[in-house]
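Here, residue 1 is the first one in the sequence, and each next residue gets the next number. Counting convention: from 1, in listed order, for ligands and their atoms alike. Values reported hereafter were calculated over all heavy atoms of this structure, with side chains retained and with hydrogens, waters and symmetry mates removed.
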Amino acid sequence: MGFNFLPIFTFISLTLVAGHAAVSPEAYWNMVLQNTPMPRTVKNLLPSEGIVVPGRGLEPCNLGGPRDHDYPWDLYYYISYTGNVYEQPVDYGSTFFLEEDIKQGTKMKLNVSVITQTNGVTFLPRQVAQMIPFSSNKFLEILNRCLIKPNSVEAEIIKEAIKCCERSSFQGEQKCCATSLESMIDFCTSMFGKNIQAFSTELEKLQEYRISGFKKIGRGGRDDPVVCHKLNYPYAVFYCHIIRSTETYMLSLEGADGTKAKGAVVCHKNTSAWNPKHLAFQILKVKPGTVPICHALRQDNIVWLPN
Ligand SMILES: *[C@@H]1O[C@H](CO)[C@@H](O)[C@H](O)[C@H]1NC(C)=O
Ligand SMILES: *[C@@H]1O[C@H](CO)[C@@H](O)[C@H](O)[C@H]1NC(C)=O
């Protein structure tokens, strides 16, 4: 138990000794990204302001979210790049659509997982995150710190997340697993500089929405986004990568009951290397490499683009 808290307590003593030298994730955002509004997805994952609450998000090791459908990120997406045998997900609603569908009045039944609760999972301040190993070589040490039994479901989840981060890049992919908000910010500013925007899908409930407005993001749609996918992990860890030949849209959505929502959508312009059995091709009845294929991002994804 004491072992588990060690890094947190060390952080607190460092904070006390160093005064204000240790900056909270939120303060780091405000310092580096002065002109970038923080998306709700990030806000929901901030630790309480000030000193880190001992154990929050770490003890009991918090694995948040339902187990099923909790792939590191959207299954179909992963499959398309690895060329694995395709497995049809149960029901993704109108997950895939064509770019021409992005217009006022289009109705879409968005079924991106509604993840508004984070189950106590938060970002750790970078100083703390850096003291906790994140590598398959240190697997047993990680389990120890999180008080997780080897061979448990939780251990398997941790193993999967780390494996996903250690897997080699797709051709042309630039990626980073950010174990803190500060490293996510650093990765994205290293790509785009500090004049940058961050977005997420924001829905209150699953229902049919109508597009009431849309906007192409990223200097007129010329820029490829960095998309960060939250991994299932005891604290907030994101898999971030830049996705080439991709256009990004923000949709303003209106539910049948008047509820407003925001949809972050990416359109992949070059699908010629995708697995021909990809669900998107079956749903849209198009062939690889012919037309851009669009899909909404899950609520726990963050998309970054230059202004
Ligand atoms: C959304 O998708 C999940 C799993 O893919 C499914 O179980 C659920 O019924 C879907 N919900 C709606 C409203 O389509
Ligand atoms: C599309 O992707 C394929 C395979 O990755 C590549 O060979 C081709 O040059 C790309 N096309 C364009 C227009 O970028």
Side-chain angles (χ1 to χ4, degrees), residues 71-89 92 94-103 106 108 112 160-161 163-178 184 187-193 195-199 201 214-231 238-251 263-298 301-307:
Y71 298 100
W73 62 88
D74 303 339
L75 173 70
Y76 47 84
Y77 203 70
Y78 184 69
I79 294 298
S80 69
Y81 278 100
T82 56
N84 285 339
V85 177
Y86 179 66
E87 265 179 61
Q88 177 135 339
Y92 274 93
S94 31
T95 300
F96 295 106
F97 43 93
L98 299 177
E99 200 166 13
E100 64 196 45
D101 297 326
I102 303 184
K103 57 177 186 231
T106 298
M108 37 182 62
V112 282
E160 269 178 43
K163 204 163 79 188
C164 164
C165 286
E166 291 179 345
R167 151 185 90 58
S168 51
S169 301
F170 311 123
Q171 197 193 353
E173 184 196 40
Q174 278 169 288
K175 68 167 179 129
C176 153
C177 273
M184 191 187 329
F187 177 69
C188 296
T189 53
S190 75
M191 293 285 164
F192 301 135
N195 190 5
I196 195 171
Q197 340 174 46
F199 297 94
T201 291
F214 63 90
K215 194 175 151 202
K216 213 180 250 194
I217 317 281
R219 295 185 294 196
R222 280 178 288 120
D223 292 295
D224 293 324
V226 166
V227 179
C228 295
H229 309 266
K230 187 174 163 298
L231 301 181
F238 280 79
Y239 180 102
C240 299
H241 57 167
I242 190 155
I243 306 179
R244 298 290 171 204
S245 302
T246 298
E247 278 181 347
T248 312
Y249 289 87
M250 273 312 287
L251 310 185
V265 163
V266 289
C267 297
H268 303 284
K269 289 188 285 188
N270 186 355
T271 59
S272 50
W274 288 26
N275 184 335
K277 290 187 183 147
H278 196 295
L279 178 64
F281 302 128
Q282 299 172 34
I283 291 180
L284 301 172
K285 305 204 168 28
V286 295
K287 297 220 158 17
T290 53
V291 290
I293 289 181
C294 307
H295 67 92
L297 293 173
R298 285 166 47 138
N301 290 181
I302 302 164
V303 52
W304 298 80
L305 275 162
N307 249 326

Engineer: So if I count the atoms of ligand 2 from 1 in the order they appear, which ones are less than 4.0 Å from some heavy atom of Ser272?
Structural biologist: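 Near Ser272, meaning under 4.0 Å from one of its heavy atoms, ligand 2 has 1 (C), 2 (O), 3 (C), 4 (C).
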Engineer: Can you check whether Leu297's main-chain N or O pairs, donor with acceptor, with Thr201's side chain at less than 3.5 Å?
Structural biologist: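 Side chain of Thr201 to backbone of Leu297, a donor-acceptor pair under 3.5 Å: yes, one is there.
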Engineer: Considering only heavy atoms of Asn270, which atoms of ligand 2 have at least one such atom less than 4.0 Å away?
Structural biologist: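 Counting from 1, the qualifying ligand atoms are 1 (C), 2 (O), 3 (C), 8 (C), 10 (C), 11 (N), 12 (C), 14 (O).
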Engineer: For Ser245 and ligand 2, does the shortest N/O to N/O distance drop below 3.5 Å?
Structural biologist: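 Between Ser245 and ligand 2 (N or O atoms, distance only) the closest approach is not under 3.5 Å.
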Engineer: For the pair His229 and Tyr239, name the ring-plane relationship: parallel under 30°, tilted 30 to 60°, perpendicular over 60°.
Structural biologist: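 Ring orientation of His229 relative to Tyr239: tilted.
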Engineer: Between Cys165 and Cys177, does the SG-SG distance stay under 2.5 Å?
Structural biologist: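 Their SG atoms fall under 2.5 Å; a disulfide, then.
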Engineer: Within the side chain of Glu99, is there an N or O that forms a donor-acceptor pair under 3.5 Å with the backbone of Ile293?
Structural biologist: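 No; judged by distance alone, with no hydrogens or angles, the pair does not exist.
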